[in-house]
Amino acid sequence: MHTRPTERRPTALQWVRYALGGGLPAELSPWVLADTTEPGWIRRHLTRALVQLLPVLVLCLVLVPVPLAYRLSAVAGGVLMGLVFSIAFMTETIEHRVAKAGYPAGTAARLRAERAEREQLERRSPYRRGGAGSFD
């Protein structure tokens, strides 16, 4: 993540609480916005989803009295289904995190859209100088 050096980051305990759905102190609000909008936000979202699944998966592996092959297949199925649902509701979950940090609803989506538009213009700019590549 490309955060500014002066920007505070959460401690490990704060991050685990954040990953499990808890809020962070107000001074970490810019970090939350950066975490949910900068490049790699999907990977970070899926990492948080795996952290949320981890306690259930560990309990399934340790406590269920069936052969290990069944427990491993249950864990694999749980990870697969958990990630499918996490991906299905990714934008809503991200917007909820950003709103909890004190930003208006839609802020994360707007910032990601602006970044994508900026990147698209930057990718096309070498081909548009002096009319090069233009069919106008």
Side-chain angles (χ1 to χ4, degrees):
M1 186 165 51
H2 305 288
T3 55
R4 284 172 258 135
T6 58
E7 191 174 294
R8 273 194 56 213
R9 296 180 54 86
T11 64
L13 190 58
Q14 286 175 322
W15 185 87
V16 170
R17 184 172 181 262
Y18 168 72
L20 294 174
L24 290 173
E27 62 266 12
L28 291 173
S29 291
W31 180 86
V32 172
L33 190 61
D35 182 57
T36 56
T37 59
E38 290 186 353
W41 69 274
I42 295 172
R43 177 185 40 83
R44 290 188 297 275
H45 172 77
L46 294 176
T47 301
R48 289 189 298 270
L50 287 174
V51 168
Q52 291 173 357
L53 289 168
L54 194 61
V56 177
L57 300 177
V58 169
L59 288 175
C60 181
L61 274 176
V62 174
L63 298 179
V64 177
V66 296
L68 181 62
Y70 295 130
R71 289 180 280 166
L72 290 174
S73 65
V75 166
V79 167
L80 179 65
M81 289 307 298
L83 291 179
V84 164
F85 277 99
S86 180
I87 290 168
F89 295 103
M90 185 165 32
T91 54
E92 292 85 356
T93 303
I94 293 293
E95 288 301 332
H96 181 69
R97 284 185 187 278
V98 170
K100 265 201 305 194
Y103 294 96
T107 301
R110 180 181 50 79
L111 290 174
R112 285 193 307 271
E114 288 171 1
R115 186 188 77 235
E117 184 178 339
R118 219 175 23 254
E119 288 173 354
Q120 184 179 25
L121 287 173
E122 288 171 4
R123 273 194 310 270
R124 291 181 176 174
S125 69
Y127 305 106
R128 303 290 292 179
R129 288 194 188 115
S134 174
F135 293 106
D136 303 306

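Along the sequence shown, the residues carry numbers beginning at 1.
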- Task: Starting at CD1 of Ile94, measure out to OG1 of Thr107 and round the result to the nearest 0.5 Å.
- Result: 13.0 Å
- Task: Check whether any side-chain heavy atom of Gln52 lies under 4.5 Å from a side-chain heavy atom of Ser86, and answer yes or no.
- Result: no
- If we only count heavy atoms from C-beta on, is the Trp15 to Arg9 side-chain gap below 4.5 Å? no
- Task: Return yes if some donor-acceptor pair links the side-chain N/O of Arg44 with the main-chain N/O of Thr36 below 3.5 Å, else return no.
- Result: no
- CA sep, side-chain torsions, deciding dist, call: Arg115, Trp41, side chain to side chain contact (heavy atoms under 4.5 Å, CB included): CA-CA 12 Å; Arg115 186 188 77 235; Trp41 69 274; 4.2 Å; yes
- Query: Counting distance only, does the side-chain N/O of Arg48 pair as donor-acceptor with the main-chain N or O of Ala19 below 3.5 Å?
  - Reply: no
- Message: Assess, by modelled atom type and distance only, whether the side chains of Thr93 and His45 contain a donor and an acceptor separated by less than 3.5 Å.
- Response: no
- Value for CG (Asp35) from OG (Ser29), rounded to nearest 0.5 Å, stands at 12.0 Å
- Query: Does Leu28 belong to the same Ile/Leu/Val/Met/Phe/Trp/Tyr cluster as Val16, with side-chain heavy atoms less than 4.5 Å apart forming each link?
  - Reply: yes
- Above 12 or not: heavy atoms from other molecules or residues under 6.0 Å from CD of Glu27? yes
- Item | Separation between CD of Glu92 and CE of Met90, rounded to the nearest 0.5 Å | 9.5 Å
- Spell out, as yes or no, whether a donor-acceptor pair under 3.5 Å connects the side chain of Lys100 to the backbone of Glu95. no
- hydrophobic_cluster_shared for Leu54 and Leu80, side chain cutoff 4.5 Å: no
- Do the charged groups of Arg110 and Glu114 touch, with an N to O distance under 4.0 Å? yes
- Item | Within 45° cone of Trp31 ring axis and under 6.0 Å: Arg8 NZ or CZ | no
- Message: Quick check against the 3.5 Å criterion: does Gln14 have a side-chain atom that pairs as donor or acceptor with the backbone of Thr11?
- Response: yes
- Message: For a 4.5 angstrom cut-off between non-hydrogen side-chain atoms, does Arg112 reach Glu38?
- Response: no
- Are Leu53 and Val51 linked, directly or through other ILVMFWY residues, by side chains that come within less than 4.5 angstrom of each other? no
- Query: Does the side chain of Arg97 reach to within under 4.5 Å of the side chain of Tyr103, using non-hydrogen atoms?
  - Reply: no
- Task: Is it possible for you to say whether Leu57 and Leu83 belong to one hydrophobic cluster, with membership spreading through side-chain heavy-atom contacts below 4.5 Å?
- Result: yes
- Item | side chain to side chain contact (heavy atoms under 4.5 Å, CB included) between Ile87 and Leu46, intermediate numbers included | CA-CA 8 Å; Ile87 290 168; Leu46 294 176; 3.7 Å; yes
- Message: Donor-acceptor pair, distance only, cut-off 3.5 Å: does the side chain of Arg17 make one with the backbone of Gly23?
- Response: yes
- Message: Is there a side chain to side chain contact (heavy atoms under 4.5 Å, CB included) between Val58 and Val75? Walk through the geometry before answering.
- Response: CA-CA 8 Å; Val58 169; Val75 166; over 6 Å; no
- Message: Minimum heavy-atom separation for Ala108 and Val98, please, with both atom names.
- Response: CB-CG2, 3.7 Å
- Are the side chains of Tyr18 and Val32 in touch, meaning some heavy atoms are under 4.5 Å apart? yes
- Query: Among the clusters formed by ILVMFWY side chains lying less than 4.5 Å apart, do Leu61 and Tyr70 turn up in the same one?
  - Reply: no
- Query: Should we count CG of Leu13 as having more than 12 external heavy atoms under 6.0 Å?
  - Reply: no
